[in-house]
**Student:** 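Sharing a structure below in structure tokens format, with a few things to ask.
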Protein chains: 2
Amino acid sequence: MLYEICEYCHFKSAAVETLDYDELKELEGNCFKTQFSKGDLIFKQDALSSNIIFIREGLVKIHIKGPEREQIIKINKGPTFLGIPTTFGDVINHYSATAITSVNVCFISTETFRRFIYSNGKFAYEILNDLCKCELHTYKYCVNHLQKQGPGRLAEALIYLANDIFDSNSFVIPMTRHELGDLACCSRESVSRLLNELKKDNIIHLDGKKITILNEKLLSQISKRG
Amino acid sequence: MLYEICEYCHFKSAAVETLDYDELKELEGNCFKTQFSKGDLIFKQDALSSNIIFIREGLVKIHIKGPEREQIIKINKGPTFLGIPTTFGDVINHYSATAITSVNVCFISTETFRRFIYSNGKFAYEILNDLCKCELHTYKYCVNHLQKQGPGRLAEALIYLANDIFDSNSFVIPMTRHELGDLACCSRESVSRLLNELKKDNIIHLDGKKITILNEKLLSQISKRG
DNA sequence: ACAAAAATGTGATGCAGGACACATAAAAAA
DNA sequence: TTTTTTATGTGTCCTGCATCACATTTTTGT
């Protein structure tokens, strides 16, 4: 299939868009495409980090094993690079990545990637920019979660899913209540109670994992107030 | 003074070490040195981000205004770049930076910095590496703080100061109890109580802001357990 | 040196939310 | 299908820690 060739790939990142014909050919030769199913572990915390991974399509959760529970740091949605910090920042992965839908990825040789950074300033700049944005997102996530109470954290998680992942106020939560707790940083019981609370107040409509945000404004207020 | 000239500066970062003579000359022409006193605001959250800042000497706290309190994300110790993510990631600063000792900095034109990234792959690579390490640190900080209780968080903050900032088990805490609370994410009252607890158990010696970690192992255990 | 302001310590109180226990429902395996 | 496992809902209890209140100490400004 044509889209299997880097040059014609529909899922190019801004960085890869800066590559010229020869560089794309080189990428093609050092890029291995594969698929993961829902629930598959893509890479594991504390294991040796290996390749640069590019998510073409699908959702991947980034999670860290904490002293108490598993913590979901963020959800990556293709097309995007995955785990650049853990590949360049240390030889050992500082977090795990797990597919939460079926996921289409490319494994790119770290050496090739490094070569592009050395030789193509625009490429380096795009990657750098991504990292900066990512870092800012993490800071925000961090402060929000540290200072808000349960309702605020859950509201934020729901808004995050709606705005950043599904671009819609109506979606199917791609995880269990337990995982939602790992994302919003509260127990699964609290997630249940808080969701029912939101439902009772007509802020969301909820049926199992199917959710619709009815009162975006109010939900956003809950998130902001904490 | 010679050290005022980039070429002879003692405080070069790994990235700046990769610059050649001409590039150092260019840096020299686009680099403005200044000083901040303890307590001075270096840049402010929600203001337009302007220059790349390099800390030559001194301690700077990075903090974000949260819904409840001011949150100290980390402490930057020169020599290091400061606020690259907030300069490249967005036009508006996502956090503030305040001097907590007297601080010696260079303001570097963002344009010059960008030019180096475009034209010098090694420079770009070093910056990228820094960003990755920084991101990993943030993740760790985040999970630790989200899942630990007061004692664990405070223990972690003290170990952070001892290992990463002062390289010594005996140091003068460079901030108030209130700020220590902003770092460890608890109230100033809790900081008081927790410090006294640690003192009573002979894990630390404490006299005002002067602190000595007596039982590093135990403190680390408290931090790990939460 | 003095007054004013800021930082610190300590007790009492209240409550958010985690932990546990159990019932029920949904999904996966047989 | 039936059985087993996993996910979810809901009540009760209990604790960590924020908040308030106030005393005391330290720092800062004049």
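Below, chains carry the letters A, B, ... as their sequence lines are ordered, and counting in each starts from 1. Below, all heavy atoms of this structure are taken into account, side chains as well, without hydrogens, waters or symmetry copies.
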**Student:** If the plane angle is over 60° it's perpendicular, under 30° parallel, otherwise tilted; pick one for B/Tyr139 and A/Tyr95.
**Tutor:** perpendicular
**Student:** I need the single residue from B/Phe88, B/Phe107, B/Phe113, B/Phe11 that forms a ring pair (Phe, Tyr, Trp, His ring centres under 6.0 Å) with B/Phe81. Which is it?
**Tutor:** B/Phe113
**Student:** Checking B/Lys200 against B/Asn196: is there a side-chain donor and acceptor pair closer than 3.5 Å?
**Tutor:** no
**Student:** Looking only at side chains, do B/Ser220 and B/Ser223 share a donor and an acceptor under 3.5 Å apart?
**Tutor:** no
**Student:** Using a cut-off of 4.0 Å between protein heavy atoms and nucleotide atoms, how would you tag nucleotides 13-30 of chain C 5' to 3' with B, S and -?
**Tutor:** ---SSSBB----------
**Student:** Could you give the NZ-to-P distance, from A/Lys199 to D/dG9, as a whole number of Å?
**Tutor:** 8 Å
**Student:** Whole angstrom is fine here: how far is it from CG in B/Asp182 over to P in C/dT8?
**Tutor:** 12 Å
**Student:** Rounded off to whole Å, could you give me the CG-to-P distance for the A/Leu154 and D/dT8 pair?
**Tutor:** 13 Å
**Student:** So, A/Asp90 and B/Lys133, do they make that salt bridge, N to O below 4.0 Å?
**Tutor:** no
**Student:** Would you say B/Asn196 reaches C/dT10's phosphate, i.e. side-chain N/O to OP1/OP2 under 4.0 Å?
**Tutor:** yes
**Student:** In whole Å, what is the span from the NE2 atom of B/His178 to the C1' atom of D/dT19?
**Tutor:** 13 Å
**Student:** Write down the distance between CZ (B/Arg177) and C1' (D/dT24), rounded to a whole number of angstrom.
**Tutor:** 14 Å
**Student:** Less than 4.0 angstrom between a side-chain N/O of B/Lys209 and OP1 or OP2 of C/dT8, yes or no?
**Tutor:** yes
**Student:** Between B/Arg188 and B/Glu179, does any side-chain N to carboxylate O distance fall below 4.0 Å?
**Tutor:** no
**Student:** Take the protein atom CG of B/Leu146 and the nucleotide atom P of D/dG16, then report the distance between them rounded to whole Å.
**Tutor:** 19 Å
**Student:** What is the distance, to the nearest angstrom, from the CG atom on A/Asp207 to the C1' atom on D/dT8?
**Tutor:** 13 Å
